[in-house]
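Beneath this line is the structure, given in C-alpha cells, with notes to follow.
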Number of protein chains: 2
Amino acid sequence: MKHGPDIVTLAALIGDPARANILTALMAGHALTASELAAEAGVTPQTVSAHLNRLEDGALIRRRKQGRHAYVELAGPEVAQALEGLMGLAASTGQLRSRPGPRDAALRQARVCYDHLAGDLGVQMFAAMRRQGALSLGREGLTLTHTGVALMGDLGIDLATLPRSRAPLCRECLDWSARQSHLAGRIGRAMLARFETLGWMVRQPGSRALRVPQNGLIAFNHLFPQEETRL
Amino acid sequence: MKHGPDIVTLAALIGDPARANILTALMAGHALTASELAAEAGVTPQTVSAHLNRLEDGALIRRRKQGRHAYVELAGPEVAQALEGLMGLAASTGQLRSRPGPRDAALRQARVCYDHLAGDLGVQMFAAMRRQGALSLGREGLTLTHTGVALMGDLGIDLATLPRSRAPLCRECLDWSARQSHLAGRIGRAMLARFETLGWMVRQPGSRALRVPQNGLIAFNHLFPQEETRL
DNA sequence: GCGATGCTTCGATTACCGTCGAAGCATGAA
DNA sequence: TTCATGCTTCGACGGTAATCGAAGCATCGC
C-alpha cells in the first residue's frame, strides 16, 4: 500500500519521554554510560536498559562495552540530523519544552550537533565557506574544493589524518534554530575539534551549548565573515 | 532540565501506524476528506476522527469544513520537511516499508513533496539553479537573484501573481532519497505547478510519484543540466 | 578470593491509548 | 419535513508497553 521508508518505528522510538531524553543527551556527541543516561532521563537503570535494547534494535544508538561500563552513543550523524529536523518542526509549531531563557539564547548562537558546529555560527560558517568557494555542491553532494583544502591548511587541519570511513567528508545539516544549513560530515567534525583546540569554543558540561570567548569570536568572524549584502 | 524544542509530542504523534499513514497520504499536497483518509489508513471513520483531533492539537494538520465534508491538509511545508527528514533516517538505517520496486524507483526520480518537486530531478534543479546563480545563500536564507527572476520569466512564471504570505519565497528541503537539498517555498510550489501546466510532469493518482514524459525530461534537462565535473 | 559496582534479564503491575459499536449532530437532497 | 450522508462524540474493550522490584551476571578494587 504505502511506499517509501518506514517512519513509524523510528517515530515511535523517539516519541517516548525517557527515550527522547536519552537521545537528546547523546546529541552532545559524547558517549555516556547507562547510569548517566538513567539520571538524565529520570528513570531507573533497568528501565534505561530496556530502552537501550529497543533503540539499538532500531539502529538509533550503538553500545560499546568497556569493562563494566556500557558506553552509548548515537549510531551516526544521520540520527542527529533527523532529531534536529524534528526539533525544527517543534520550534516552528511553538512547542517549547521550556520558556526561552539565557540557555536557549546560547544554544541558538553556538551548540554541538552530535559532532559538529550548529547554531548561528554554524550557519554563518557554512554560508561563508560557500561564498569563498571552499565548498561546491555537485551531483554527488557537497565537496571540498581546492580553496577549501587550502583553508583547512590555514586552520591547521591535516586532511591526511582524518579517519578513513565511508562517512561523507562534507554534508549539510539543517539547523532547527536558524532554519538554514550548516556543515556536518567528517570535515565538520574536524573543524569543531580544531576550534576547541584553539580555544575558540568551549564545551559546557551537561549542555550542548558552546561558550565562545571574545577572542575566539573575533578570530572566527575574521575567517568566516557574515554576508553584508542580500538581494 | 531539558532545553530546546519538545520533540516527544511530535514523534509520538507520528509514531502511530494509522497517523503515519494519514500524514504520508497528505504529503502529496492535496487536501483529503476524513473518509478518504480512513480508507487510506485502513481504519474506521471514528478512529480517524480521533486521530485528526490529536494531529490538530499537535499543529501537524489543518481542518477546513466545507459543507458536510472535512478537508484535511498538512499544517505547512515544515511538517512535510520534517517527515522527509524522518524518511531519510529510515532509509539510511535500511528500514523500508516495502521491498524496493518500480514504484520506489519512480519515487526516487521525481515525486511531490507536499507542494514542490523532490527526488533526483528536484536535487538536479536545485544544484543547477545554484550553479547558474539563480539562487543565493545569504544570512536571511535562500534568495532569488536577478538571474533567478529572469529565469522565472523565461519559464512563464509571474512572480507578481504569487500568493502573498509570510512563507519564505525560497527554502531548502532535504531529500530522503538523494540526501541533498531541493527547492521548497513558494517558488518551489510555483515551479512544480508550472511544470505540470507545461505537461513536463504528471501527477499519478494515489501516489506521490510524478510521471515525466520524454519531451518533458528533455526540456527539463535543457533548462537544468546536470553537473558534469566534480572535484 | 570477596564484596562492591554497573548493567542486564525476568516477572508483575499499571496506565495509557488505539480501536470500534452505537448514538448524536450537522448538512444536503428529495 | 423527512431521509441520507459525512463527521464527530461517547463509552467500553483490549492490547501494548513503560516502569520498577528482585535477582542474575559480569567486572573492578582490595
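The basis for the numbers below is simple: all heavy atoms, side chains too, and nothing from hydrogens, waters or symmetry mates. Just so we're on the same page: letters track the sequence lines, and every chain starts at 1.
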Whole-Å distance separating the [atom1] atom of [X] from the [atom2] atom of [N]:
| X | N | atom1 | atom2 | result |
| --- | --- | --- | --- | --- |
| A:Arg68 | C:dA4 | CZ | C1' | 7 Å |
| B:Lys65 | C:dG28 | NZ | P | 12 Å |
| B:Asn21 | C:dT19 | CG | P | 10 Å |
| B:Gln46 | C:dC17 | CD | C1' | 16 Å |
| B:Ile14 | C:dC17 | CD1 | C1' | 18 Å |

Look at the aromatic rings of B:Phe195 and B:Phe220 and report parallel, tilted or perpendicular, splitting at 30° and 60°.
perpendicular
Under 4.0 Å between any heavy atoms, over every strand shown, what does B:Val48 touch: base, sugar-phosphate, or nothing? Just pick one.
nothing
Closest-nucleotide ordering on DNA chain D, the 5'-leading residue of A:Asp16 and A:Gln66:
A:Asp16
Mapping A:Ala18 and A:Gly67 to their closest nucleotides on DNA chain D, which lands nearer the 5' end?
A:Ala18
[N] phosphate, OP1 or OP2, under 4.0 Å from [X] side-chain N/O:
| X | N | result |
| --- | --- | --- |
| B:His69 | C:dA26 | no |
| B:Arg19 | C:dG18 | yes |
| B:Arg54 | C:dG18 | yes |

Tell me if the CZ atom of B:Arg186 is crowded by more than 12 foreign heavy atoms within 6.0 Å.
yes
Within a radius of less than 6.0 Å around CZ of A:Arg171, do more than 12 heavy atoms belonging to other residues, nucleotides or ligands occur?
yes
side-chain contact (heavy atoms from CB on, under 4.5 Å) for A:Arg111 and A:Trp176? Distances and angles first, verdict last.
CA-CA 11 Å; A:Arg111 70 174 175 278; A:Trp176 66 257; 3.2 Å; yes
Side chain B:Thr161, main chain B:Asp158, donor-acceptor under 3.5 Å:
yes
A:Arg19 side chain to A:Ala12 main-chain N or O, any donor-acceptor pair under 3.5 Å?
yes
First contact, last contact: which nucleotides of DNA chain D are these for chain A, 5' to 3', heavy-atom distance under 4.0 Å?
D:dA17 to D:dC28
Carboxylate-amine/guanidinium proximity below 4.0 Å for B:Arg64 and B:Glu73
yes
